[in-house]
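Naming convention: chains lettered A, B, ... in sequence-line order (proteins, then strands); numbering from 1 in each chain. As a basis for the values below, the full set of heavy atoms in this structure was taken, side chains included, without hydrogen atoms, waters or symmetry mates. Given the structure is predicted, the values throughout are model-derived calculations rather than measurements.
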Protein chains: 2
Amino acid sequence: MDREDLISREFLARGYKVTKQRRAILSVLDKSEHPLTAEDIYLRIRAENNVSSLATVYRNLKTLVDTGYVVKAGLFEDKVRYRLQNDPHTHNLICLGCKKVIPLSTCPLNCLGETLGEKEGFTVTGHKMELYGYCFECEHKGDQINRK
Amino acid sequence: MDREDLISREFLARGYKVTKQRRAILSVLDKSEHPLTAEDIYLRIRAENNVSSLATVYRNLKTLVDTGYVVKAGLFEDKVRYRLQNDPHTHNLICLGCKKVIPLSTCPLNCLGETLGEKEGFTVTGHKMELYGYCFECEHKGDQINRK
DNA sequence: ATGCGTGCAAAATATTTGCACACGG
DNA sequence: CCGTGTGCAAATATTTTGCACGCAT
């Protein structure tokens, strides 16, 4: 598989090993519609009859975040959650109702970002952005549990 | 003071009280160039000879986040940090070198955001964005501690 | 006066780490 | 084989909560 190959190659190049625990984390995140906590990930791995420990999940999440495959989400959440960085530059629409994440195909900032700091003498190297609101289904459900 | 008045009035209107502990948190955040952890805030309050407890800081941070005066930052940090929401709609340039936060006067998204989700049937109610990079000073310092 | 807010200490959560063994390259 | 990765359990760190008292309105 494309994706797996890429990951394997880059991982190896950096001196990291491709273990079943690391694959399991990526797989679980890939299958999830919304960002997961470390414990969520651990429980799902166990539920699939794969082995791992919470400590390993934490250690690997750190590694995966460092290497850029996973990003932290949780700007408006209580807990720290993680999701795949599917694309080197993707932003998401996040539903406050069902927590569903809908990736945007384009970056609303385009290349604008890099020129933004100019007048402050600031060199912008990146940005993170999440848009949130309500997806069609949640918008049209009368009573939404998660709406405050 | 303008700002204080505003806060007082809104707080009262919502049934919250304006206590010295809450003022202290806002004051400490206001004076800081970069986002602070709950413990940072607690220690700085103590350092200024004001009283508070860590539990109170946590409780009030929650209140202040709920009411929109403070926002969580920590997209690229290890720990959850808090900063003032100076304006109902502000974005910041965050220096990866010295952690300095430079507010942008305009929202790069403008009103674009609200139309972004349209084709997905998604109603965008808000967004959060942080731009990061290096401020002038850090860019021109040869060896930067915090650069990976 | 009333009830929200506070401090303290304890509890509950979340995350990290030491160590001996396992396994990928 | 070698060194990174893992599991377990213990150690830390972080956040929440019960309770009695205090203070803002």
Sugar-phosphate, base or nothing in reach of A:R59, heavy atoms under 4.0 Å: base
Touch class at under 4.0 angstrom, heavy-atom based, for A:S52 against every strand present: sugar-phosphate
Short side-chain N/O contact to C:dT6 OP1/OP2 from B:T56, under 4.0 Å: no
Any A:Q21 side-chain nitrogen or oxygen under 4.0 Å from OP1 or OP2 of D:dG7: yes
Between [N] atom [atom2] and [X] atom [atom1], what is the distance in whole Å?
X	N	atom1	atom2	value
B:Y42	D:dT14	OH	P	14 Å
B:R23	C:dG5	CZ	P	14 Å
B:N60	D:dT15	CG	P	15 Å
A:L36	C:dA14	CG	C1'	16 Å
A:R81	C:dT15	CZ	P	11 Å
B:I41	C:dT6	CD1	P	14 Å
A:I25	D:dG7	CD1	C1'	14 Å
A:L54	C:dT13	CG	P	14 Å

Spacing of OG belonging to A:S32 relative to CZ belonging to A:R44, to within rounding of 0.5 Å: 4.5 Å
Separation between CD of B:Q21 and OG of B:S53, rounded to the nearest 0.5 Å: 8.0 Å
Counting only side-chain heavy atoms from C-beta out, which of [options] sits nearest to [X]?
X	options	value
B:A38	D:dG5, D:dT15, C:dT15	D:dT15
B:Y58	C:dT15, D:dT14, C:dT16	D:dT14
B:A55	D:dT14, C:dT15, C:dA9	C:dA9

Min side-chain heavy-atom separation [X]-[Y] under 4.5 Å:
X	Y	answer
A:R46	A:Y42	yes
B:R59	B:T56	yes
A:V80	A:T37	no

N/O to N/O distances under 3.5 Å, protein versus nucleotides 20-25 of chain D:
from: D:dA24; atom 1: N3; to: B:K17; atom 2: NZ; distance (Å): 3.4

Passing candidate, side-chain contact (heavy atoms from CB on, under 4.5 Å) with A:N50, options A:I25, A:V28, A:I45: A:I45
Sole candidate of A:L64, A:L61, A:L29, A:T63 that passes side-chain contact (heavy atoms from CB on, under 4.5 Å) when paired with A:Y69: A:L64
